[in-house]
2 protein chains.
Amino acid sequence: MARYQRVADSIRERIAQGLLSVGDQLPTEPELANEYALSRLTVRRALDVLQAEGLIEKFHGRGSFVRRPPRRVTYVSRCGVQLDQPTDGVEIENYVKPSSVLAEAPVASLMQVEPGTELAEYLYIAMRDREPYGLARIYVPLELSNLLTASTGHVPWGAEICQGLKAAGVRLARISERVVSRLPSQDEAESLNLAAGATVLVIERTAVDDQGRVAEGAHLVMPGDRVEVVFSTALAEPAGR
Amino acid sequence: MARYQRVADSIRERIAQGLLSVGDQLPTEPELANEYALSRLTVRRALDVLQAEGLIEKFHGRGSFVRRPPRRVTYVSRCGVQLDQPTDGVEIENYVKPSSVLAEAPVASLMQVEPGTELAEYLYIAMRDREPYGLARIYVPLELSNLLTASTGHVPWGAEICQGLKAAGVRLARISERVVSRLPSQDEAESLNLAAGATVLVIERTAVDDQGRVAEGAHLVMPGDRVEVVFSTALAEPAGR
DNA sequence: CAGTGGTCTAGACCACGAA
DNA sequence: TCGTGGTCTAGACCACTGT
């Protein structure tokens with residue numbers, strides 16, 4: 001086994017044993033190189049491995065630190081964004097920025113409208129532990145968004161969108177979701193504060209009403225190592241038949 | 001911008017322009033180092049970037065090659081494994097290995113049985129383009145698996161499991177699926193022929209019958225950059241009501 | 001300013017694959 | 001056996017952070 005792997009194992013062990021705790025700064029790279037009698041490049045590769053695993057976090061100019069073990073946030077398939085992990089008591093804050101946009105090609109395809117159609121866009125940034133962990137763009141046809149704001153009196157969030165649509169007389173017939181894992185764009189990497197090599201989980205969701213029109217579309221980007229997605233489907237033929 | 005990034009851009013450009021085509025071998029690392037007047041380590045880092053992007057593939061002892069752009073395979077939520085991308089004409093082969101196992105803790109939790117319970121396990125390896133792209137472990141309670149083999153006469157695959165269960169009188173009430181992205185275990189990396197730093201998409205699925213018992217459980221592991229997962233839910237209240 | 005991680009070099013040896 | 005990528009070194013300079 002390569003030496004950098006052994007160093008990674010050794011530091012992993014130190015963390016597991018509690019010799020290094022969450023938030024602690026690791027020895028500097030020259031110190032580690034000296035300690036293991038290896039070149040600095042070799043211990044750097046070990047740290048890269050640990051960073052890819054999400055065990056540590058490196059900051060240019062500051063040092064390397066033991067990371068809080070990533071608690072997975074659960075995304076549950078439902079109308080409106082739903083991100084929660086109920087039992088850990090950590091607050092999740094959301095920042096919402098509503099606006100209206102002209103649909104570019106990808107959004108137009110998602111919403112099944114002509115490119116250039118005007119849509120209401122809700123941009124959400126979800127924070128947790130003072131770190132961003134999710135970007136959500138939710139699109140609603142303009143005529144529906146007016147009904148939404150009128151009925152709720154403020155910018156809706158999550159399940160409120162669902163209820164608002166219902167109150168506005170929209171009957172949702174089907175929700176389709178597409179889940180993909182990929183490398184983040186540069187923007188996404190910065191917004192979500194992602195390490196090099198990290199992936200994001202992308203969920204594209206459309207809610208179709210009983211007229212076959214797309215009533216809501218969502219584009220969610222989340223850090224791949226901090227989310228789990230749960231789908232639960234009741235089958236068409238219930239037990240009673 | 002760092003020099004290795006510029007080299008990566010340059011090679012990316014060569015591929016985009018068709019100077020390098022799918023399957024072509026790249027110049028060797030010493031050649032590239034010479035060509036760009038950089039050290040070998042620097043061009044190696046450029047190649048690492050391209051490999052992480054899935055653009056090239058490196059083979060120890062053979063060379064680096066332009067990779068076929070990863071066609072995403074679509075996993076559609078359904079009973080039984082369903083992996084297909086209909087319109088590309090590339091054959092998907094499956095190798096099945098049935099056996100019976102004693103449930104370890106994670107499997108026992110998936111199937112909601114006591115640890116140590118005997119279960120039928122079907123291990124599938126899905127191949128495509130002569131490369132493995134999916135590992136599936138499907139678990140069925142032993143009494144159901146006997147019914148299955150009896151009714152189909154051979155080892156069932158995919159939708160056959162669903163039909164077989166139905167024929168055996170099992171009424172499925174709900175399917176739950178959990179999707180997670182993570183780094184592969186060493187075994188998984190080898191079986192799926194994954195590059196360093198690649199992630200896998202894991203789907204854990206359980207099908208529950210109308211008695212609340214788990215009739216089928218599945219643990220699917222797929223290369224994160226070659227799958228997309230699609231869920232479609234008809235809502236509880238159809239349009240007609 | 002001092003201390004940290006990020007990039008880069010020139011050279012060496014090793015491990016693997018194919019002929 | 002030979003050519004390939006994988007690992008490693010000792011040293012250098014740069015870029016960022018906090019004081």
Side-chain angles (χ1 to χ4, degrees), chain A residues 1-11 15 20 23-67 130-131 186 189-190 193-198, chain B residues 1-11 14-15 20 23-67 130-131 184 186 189-190 193-198:
Chain A
M1 180 182 279
R3 296 188 216 184
Y4 73 90
Q5 288 287 5
R6 281 204 287 256
V7 174
D9 290 347
S10 164
I11 298 178
I15 295 174
L20 287 167
D24 285 358
Q25 179 168 6
L26 272 68
T28 68
E29 293 176 357
E31 281 169 0
L32 287 170
N34 187 55
E35 181 180 336
Y36 288 100
L38 292 169
S39 77
R40 192 181 143 215
L41 189 63
T42 304
V43 305
R44 267 183 66 72
R45 296 184 60 184
L47 296 183
D48 287 344
V49 170
L50 298 175
Q51 184 174 43
E53 291 171 2
L55 232 68
I56 68 167
E57 211 166 355
K58 310 209 286 188
F59 298 96
H60 191 176
R62 285 208 285 142
S64 300
F65 299 83
V66 179
R67 198 177 165 202
R130 294 186 185 169
E131 287 182 1
Q186 199 169 340
E190 285 169 13
N193 191 22
L194 297 176
Chain B
M1 179 182 281
R3 295 189 217 183
Y4 74 90
Q5 287 287 4
R6 279 204 288 258
V7 175
D9 289 347
S10 164
I11 298 177
R14 285 204 221 181
I15 295 174
L20 286 167
D24 284 358
Q25 178 168 8
L26 273 67
T28 67
E29 294 176 355
E31 281 169 1
L32 288 170
N34 187 55
E35 181 180 338
Y36 288 100
L38 292 169
S39 76
R40 192 181 143 214
L41 189 62
T42 304
V43 305
R44 268 183 67 72
R45 295 184 60 182
L47 297 183
D48 287 343
V49 170
L50 298 176
Q51 184 173 45
E53 290 171 3
L55 231 70
I56 69 167
E57 212 166 354
K58 310 205 296 188
F59 297 96
H60 192 177
R62 282 209 286 143
S64 299
F65 301 83
V66 179
R67 198 178 165 201
R130 294 185 185 169
E131 287 182 1
Q186 197 168 342
E190 284 169 15
N193 192 21
L194 297 175

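Keep in mind it's a predicted model, so treat the numbers as computed, not measured. Residue numbers begin at 1 in each chain, while the letters A, B, ... track the order of the sequences.
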Before you tell me yes or no, could you show the steps for A:V7 and A:V49 under side-chain contact (heavy atoms from CB on, under 4.5 Å), namely the whole-Å CA-CA distance, both residues' side-chain angles and the distance that decides it to 0.1 Å?
CA-CA 10 Å; A:V7 174; A:V49 170; over 6 Å; no

Below 4.0 angstrom from OP1 or OP2 of [N], is there any side-chain N or O of [X]?
X	N	value
B:R44	D:dG6	yes
A:T42	D:dT7	no
A:Y4	D:dC8	no
A:R62	C:dG5	no
A:R3	D:dT9	yes

Integer-rounded Å distance: [N] [atom2] and [X] [atom1]:
X	N	atom1	atom2	value
A:I56	C:dT4	CD1	C1'	14 Å
A:H60	D:dC16	NE2	C1'	5 Å
A:K58	C:dT4	NZ	C1'	11 Å
A:Q51	C:dG6	CD	P	7 Å
B:L32	D:dG5	CG	C1'	12 Å
A:R40	C:dG6	CZ	P	8 Å
A:R45	D:dT9	CZ	P	10 Å
A:E29	D:dA12	CD	P	18 Å

[X] [atom1] to [Y] [atom2] distance, which is reported to the nearest 0.5 Å:
X	Y	atom1	atom2	result
B:E57	B:R67	CD	CZ	5.5 Å
B:S64	B:R44	OG	CZ	8.5 Å
A:D9	A:R6	CG	CZ	9.0 Å
B:I56	B:D48	CD1	CG	8.0 Å
B:L50	B:K58	CG	NZ	9.0 Å
A:L20	A:I11	CG	CD1	8.0 Å

For DNA chain D, which consecutive runs of 3 or more Watson-Crick or G-U pairs (each distance under 3.5 Å) count as stems?
C:1-18 with D:1-18

By nearest-heavy-atom nucleotide on DNA chain C, the more 5' of B:Q5 and A:S64 is A:S64

Base, sugar-phosphate or nothing for A:L38? Non-hydrogen atoms, less than 4.0 Å.
sugar-phosphate

Closer to the 5' end of DNA chain D via nearest nucleotide, is it A:A37 or B:E31?
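Closer to the 5' end of DNA chain D: B:E31.
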
Which residue, B:L41 or B:T28, contacts DNA chain D at a nucleotide closer to its 5' end, judged by nearest heavy atom?
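So the residue in question is B:T28.
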
